[in-house]
Amino acid sequence: PGVFDPGHCRNCAHEADLLDHYHRVQREEQAVKQAHRWARQARRNATWALWSAGIGVLLAAIALLTG
């Protein structure tokens, strides 16, 4: 009591014959974390692409105006 045991849920699942369920939940949690990492990376890439495109449009407009 009062001490965190990281293996507690796994041990309880094993005792209750729910180990397959425990593993499925662990895989789903990992999948959610991976999807979150991919989403963050996609957002960074999209932001970089939008800034780059904006700079390109600005440079193109300047080039057109200066002849």
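In this chain, residues are counted from 1 in sequence order.
Considering Leu65, Leu64, Thr66 as possible partners of Ile62, the one that fulfils the side chain to side chain contact (heavy atoms under 4.5 Å, CB included) test is Thr66.
Side-chain contact check for Arg27 and Gln30: no donor-acceptor pair (N or O, by modelled atom type) lies under 3.5 Å. A donor-acceptor contact closer than 3.5 angstrom links the side chains of His36 and Arg40.
Counting only heavy atoms from C-beta outward, the side chains of Trp48 and Arg44 never approach each other to under 4.5 Å.
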Going through the checks in order, is the salt bridge (Lys or Arg N to Asp or Glu O under 4.0 Å) test met by Arg24 and Glu28? CA-CA 6 Å; Arg24 183 173 55 83; Glu28 288 174 3; 3.0 Å; yes
